[in-house]
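Notes for the one structure printed next.
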Amino acid sequence: MRLDHLSFAAGPDGLASTAQRIGGQLGKNFIDGGVHPRFGTRNMIMPLDGRTYIEIVEVLDHPASDKAPFGQAVRARSALGGGWLGWVVAVDDITVVETRLGRESVKGNRHLPNGKELLWRQIGVHGLLSDPQLPYFLQWESPAEMHPSNAADSDFSLVALEIAGDPQRVSEWLGETVEAPLEDIKVEWVAPNGTPGIIAVQIQTPSGLVRL
């Protein structure tokens, strides 16, 4: 179990403008990630060192975005002005999570700009919808060389997460201590009585630490 990526919902100015704004803060451009046809969304990504990445995502004018939980989550966060949507944990065997949560994972795919297709299974977005401090889980089905973090610039890395919430609640959701998937990434638990979810992310860049 490890932190795979972070999701940021585009604001009212749209995906490209949001990516340009955040990329400008970091000093690095986001790249086109492609379309999630099952979820009615599309994204732009920034690979980071340590096999992680940031995605900025927006909903499409497509029925899937109203039906799929992930599309619903993105639409709801964008309607609030955009911002951090959640964090995602990769597992080697998603059937273990299925057994613990008592439901099946769903297929996910993304059509890449180069014509290839990225495949995975995911579970737990309903948890994110009801309690945004909780990550959802995925198991990649595509080979490791297709992981979105490939070709990351080692000068850009995730240093810390600031999460409003309760680490005990998140540990119960994960089925193990919350420190397990985060390894060397620092987590600051803030505002335990506030609205749960990611408050900010700290990224190391060649120009220094940037808080988003």
Side-chain angles (χ1 to χ4, degrees), residues 3-48 52-89 108 110 122 124-136 138 148 156 158-166 169-170 173 185 187-205 207 209-212:
L3 176 65
D4 190 77
H5 67 275
L6 305 171
S7 294
F8 189 99
D13 51 346
L15 178 63
S17 293
T18 302
Q20 185 176 25
R21 173 171 52 82
I22 296 177
Q25 292 176 264
L26 294 173
K28 186 174 178 62
N29 292 331
F30 281 77
I31 59 176
D32 184 9
V35 173
H36 309 105
R38 294 177 185 270
F39 307 144
T41 58
R42 64 176 179 177
N43 72 1
M44 296 183 73
I45 67 169
M46 179 181 292
L48 300 173
T52 61
Y53 66 98
I54 298 172
E55 71 167 354
I56 301 176
V57 61
E58 74 171 358
V59 291
L60 301 171
D61 185 14
H62 189 280
S65 65
D66 294 321
K67 297 177 181 177
F70 185 73
Q72 294 171 13
V74 175
R75 186 181 298 280
R77 190 67 181 89
S78 291
L80 294 174
W84 290 109
L85 178 66
W87 52 300
V88 186
V89 172
R110 175 151 56 87
Q122 68 183 51
V125 177
H126 283 292
L128 169 69
L129 274 166
S130 61
D131 191 354
Q133 67 179 307
L134 303 178
Y136 68 90
L138 65 73
F156 293 82
L158 175 62
V159 175
L161 300 178
E162 298 173 32
I163 303 177
D166 176 8
R169 168 75 176 107
V170 178
W173 174 252
I185 299 166
V187 178
E188 299 176 9
W189 296 95
V190 298
N193 298 316
T195 302
I198 296 177
I199 300 297
V201 170
Q202 298 174 28
I203 306 291
Q204 186 64 52
T205 77
S207 300
L209 198 63
V210 176
R211 182 177 183 269
L212 299 172

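Residue numbers start at 1 and run along the sequence shown.
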N/O donor-acceptor pairs under 3.5 Å from side chains in residues 14-22, not counting sequence neighbours:
unit_1: Thr18; atom_1: OG1; unit_2: Gly11; atom_2: N; d: 3.2
unit_1: Thr18; atom_1: OG1; unit_2: Asp13; atom_2: OD1; d: 3.1
unit_1: Thr18; atom_1: OG1; unit_2: Gly14; atom_2: O; d: 2.8

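Looking at Val170 and Trp87, their side chains come closer than 4.5 Å, going by heavy atoms from C-beta outward. Taking the side chain as every heavy atom from C-beta outward, Asn43 and Thr41 never approach each other to under 4.5 Å. Between Ile45 and Ile54, every side-chain heavy-atom pair lies at or beyond the 4.5 Å cut-off. Counting heavy atoms from C-beta outward, Asp4 and Tyr53 have side chains that approach closer than 4.5 Å.
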Might you work through the side chain to side chain contact (heavy atoms under 4.5 Å, CB included) test for Ile203 and Leu158, ending with a clear yes or no? CA-CA 5 Å; Ile203 306 291; Leu158 175 62; 3.8 Å; yes

Report the C-alpha separation of Phe70 and Leu85 in whole Å, then their side-chain angles, then the decisive distance to 0.1 Å, and conclude whether the side chain to side chain contact (heavy atoms under 4.5 Å, CB included) test is met. CA-CA 10 Å; Phe70 185 73; Leu85 178 66; 4.0 Å; yes

Could you go through Val201 and Leu161, starting from their C-alpha distance and side-chain angles, then the distance that decides it, and tell me whether this counts as side chain to side chain contact (heavy atoms under 4.5 Å, CB included)? CA-CA 5 Å; Val201 170; Leu161 300 178; 3.8 Å; yes

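Without hydrogens or angle criteria, Ser65 side chain to Leu60 main chain gives a donor-acceptor distance under 3.5 Å. The main-chain N or O of Ala9 is never found under 3.5 Å from a side-chain atom of Ser78 such that the two would form a donor-acceptor pair. A donor-acceptor contact shorter than 3.5 Å is absent between the side chain of Glu55 and the backbone of His5. In this structure a side-chain-to-backbone donor-acceptor pair under 3.5 Å is missing from Glu162 to Trp189.
The distance from the CG atom of Leu26 to the CG atom of Leu212 is 4.5 Å, given to the nearest 0.5 Å. In this structure, CD1 in Ile199 is found 10.5 Å from CD in Gln133, a value given to the nearest 0.5 Å. Remark: Ile185 CD1 to Gln202 CD distance equals 11.5 Å, nearest 0.5 Å. Residue Leu48 holds its CG atom at 9.5 Å from CG of Leu3, rounded to the nearest 0.5 Å. Between Asp166 atom CG and Trp173 atom CH2 the span is 14.5 Å, to the nearest 0.5 Å.
Around atom CZ of Arg77, more than 12 heavy atoms belonging to other residues, nucleotides or ligands sit under 6.0 Å away.
For Arg75 and Asp66, the salt-bridge test passes: some basic side-chain N is under 4.0 Å from an acidic carboxylate O.
The two atoms that bring His62 and Pro37 nearest to each other are CE1-O, 4.4 Å, heavy atoms only. The two atoms that bring Pro196 and Pro132 nearest to each other are O-CB, 3.5 Å, heavy atoms only. Between Leu128 and Gly86, the closest heavy-atom pair is CD1-CA, 4.1 Å. Between Met46 and Gly23, the shortest heavy-atom contact is CE-CA, 4.5 Å.
Ring-plane geometry between Trp84 and Phe8 is classed as perpendicular, the angle between the planes exceeding 60 degrees on a 0 to 90 degree scale with a lower cut at 30.
With sequence neighbours left out, the salt bridge (charged side-chain N to carboxylate O under 4.0 Å, His left out) criterion links Arg110 to no other residue.
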